[in-house]
A.B. asks: 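Input: one structure, supplied below.
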Amino acid sequence: MDTFKDDSNQLDPKVKMKFETILEDINGFGPFQILIVILMFTPRIVLTCHFLLNNFIAAVPPHHCDISTLEDGALFRNLTQAQKLTVSVPLQEDGVPKSCEMFAEPQFQLLSNSSSHNVSTVQCQSGWVYDNSTFTSTLATEWNLVCDRKSLPKTTSTIFFFGVMMGALAFGYFCDKYGRRNTLLASYIVSIVFGFSSTFAKSYILFAVLRFLTGFGLTGISITSIVLSIEWVDTSHRSFIGVLGSLFWSVGNMLLAGFAFLVNDWRTLTQTVTAPLGFAVLTWWWIPESARWLLANGKVERAQLYLDRCAKFNKRPKLSSNFKVETLSTVEVLEDKNYSYVDLIKTPKIRSLTLLTGIVWYGVASTYYGISLNISGFGLNMYLTQFIYAAIEVPAKLMIYWFLNKSGRRMCQAGTLLLTGLCIAINIFIPTSLWQVRAVIATLGKGFSEASFTTVCLYTIELYPTVIRQNALGYTNFMSRLGVSVAPLILLLEDVWTPLPQIILFSMATVSGLVSVLLPETLNVRLPETIDDIEKPREKDVSSRSKDSSGVLLESRSSAGV
């Protein structure tokens, strides 16, 4: 294969360049790329806070029936508060007042330690009294979501993640059609508007609708920010960026514990974790569009603008000094076509990727959240437990970063999922009396499941070509949130047979781990740009190499298979 440059410094029209070649020329991991990562820091933290916010705003504090209506009698008024509870509210087996029942009439004989058996009770007649020592206000206390309505606080989480599922499909399509940068701004605005609006809701139904829309907007940030970051870095630093973006999630997880500890009102807490998006909107002006996406869609002049900006920031010569627009247009310029989710199933190899990655994402998500919801904790208060659970994720991410570059993506994906399944299986056979051992094994399982989540995010980005990458991320995030929604339902099966939830989670982790073995390896492989890069790969990435006087690697368009 011959590559050449004519006397007018114009590249042969039969010649095309690879985007990685351009990144090498302008520095594929310099101050410009680091700035992008920093600008993505704030919205990634907000994501974690909102995704786990329900743990605090939907908490149900201790409560009992309001007995103030019984204070008409003089004898009752002369009792202490503890004595009033004794004669008015029956006790549970652990000695705690029941939450949803009260005596039809005050039982004064109970003051002399008499039995309360065969005493008639009624449902709470005048509402409830809540213990406000931990929370001044939650969804449960705001709208009395207790007793026969006790499922509604948890339902808000399901509604939120349903919004995330729908947003994943919508923003995945928008990103590939309208660009990463514009879609990111739309995600910021939607999240801010509905995030703050939800704090002014006057009814539970309105709040649930606004939380759905908040989740819809936030998922655009989730799937756009990481892709935009990775599309600007060279091959050797993709795993670093992927893991770093995941570490921001853990930082937000730890900060949420602090925010919730300092802010005990659910409305104020929601406003607190939404407010940083205002700063993110300001920093958006410095975020570049993906040059890969621009070139893939024939927007050559805009791509050159951002590439020149990158070169200047990284203190490298501008591309315009070496290439003309016509030359830059030879970088994977595609036919004028609108790509959609249909393209994920139109061609055989992409269709296979779609099936396999969907199974893996579903297994990763359901296993991760299944373990997270089933760990009993360390016997500490909920804020410290939240912080420790988040901190555990950090060494797991650092560990997986090293293995990603040593063992490859496929081995890490399969290994972490299978080790997660092994931890679940071990705990099935450990007696509940050995709770310390079970807690350690469960924590290890959570670490491995978090490592599998970090891997699958990076792995999926590398598997799909630029033209449908965001559509693919939208689809896989949809499968992920479907797994999240199913996880609580799996845990409810404990009432049917105690080990059944763990057996199901073990099966999911094992099956998805084995499925991931069928995926191709992407370590040190350039990001695919077109569907043909997947469907008709060359036997060798570059069959012959040469460099022109500008130091740009060229590849003949006329070679077979291109």
A.B. asks: Check whether any side-chain heavy atom of C412 lies under 4.5 Å from a side-chain heavy atom of I400, and answer yes or no.
C.D. replies: yes
A.B. asks: Could you pull out the closest heavy-atom pair between L463 and I534, with the gap in Å?
C.D. replies: O-CD1, 3.4 Å
A.B. asks: Rounded at 0.5 Å granularity, tell me how far CZ in F51 sits from OG1 in T219.
C.D. replies: 5.5 Å
A.B. asks: Report the C-alpha distance between W361 and S366 in whole Å, list the side-chain angles of each, state the deciding distance to 0.1 Å, and finish with yes or no for side-chain contact (heavy atoms from CB on, under 4.5 Å).
C.D. replies: CA-CA 8 Å; W361 273 82; S366 59; over 6 Å; no
A.B. asks: Determine, stepwise, if the pair F259 / F56 fulfils ring-ring contact (aromatic ring centres under 6.0 Å, His included).
C.D. replies: CA-CA 10 Å; F259 292 150; F56 299 99; over 10 Å; no
A.B. asks: From Q502 CD over to L505 CG, what is the distance, rounded to the nearest 0.5 angstrom?
C.D. replies: 5.5 Å
A.B. asks: Do any N or O atoms from the side chain of T224 and from the backbone of I221 form a donor-acceptor pair under 3.5 angstrom?
C.D. replies: no
A.B. asks: So which atom in I230 and which in I461 form the shortest heavy-atom distance, rounded to 0.1 Å?
C.D. replies: CD1-CD1, 3.6 Å
A.B. asks: Please walk me through it: do T367 and F506 pass side-chain contact (heavy atoms from CB on, under 4.5 Å)?
C.D. replies: CA-CA 8 Å; T367 304; F506 160 74; over 6 Å; no
A.B. asks: Given E462, which of R526, R469, R409 fulfils the side chain to side chain donor-acceptor pair (under 3.5 Å) condition?
C.D. replies: R409
A.B. asks: With sequence neighbours excluded, tell me which residues meet salt bridge (Lys or Arg N to Asp or Glu O under 4.0 Å) with E289.
C.D. replies: none
A.B. asks: Checking W284 against Y188 for the ring-ring contact (aromatic ring centres under 6.0 Å, His included) test, could you report, in this order, the C-alpha distance in whole Å, the side-chain angles of both residues, the deciding distance, and whether it holds?
C.D. replies: CA-CA 9 Å; W284 174 85; Y188 287 166; 8.1 Å; no
A.B. asks: Test side-chain hydrogen bond (donor to acceptor under 3.5 Å, both in side chains) on Q413 and S516 and set out the steps.
C.D. replies: CA-CA 7 Å; Q413 190 68 76; S516 65; 5.7 Å; no
A.B. asks: Can a donor-acceptor pair be found, under 3.5 Å and without considering hydrogens, that links the side chain of R316 to the backbone of D25?
C.D. replies: yes
A.B. asks: Do R44 and W249 form a cation-pi contact, if we require the NZ or CZ to be under 6.0 Å from the six-membered ring centre and within 45 degrees of the ring's axis?
C.D. replies: no
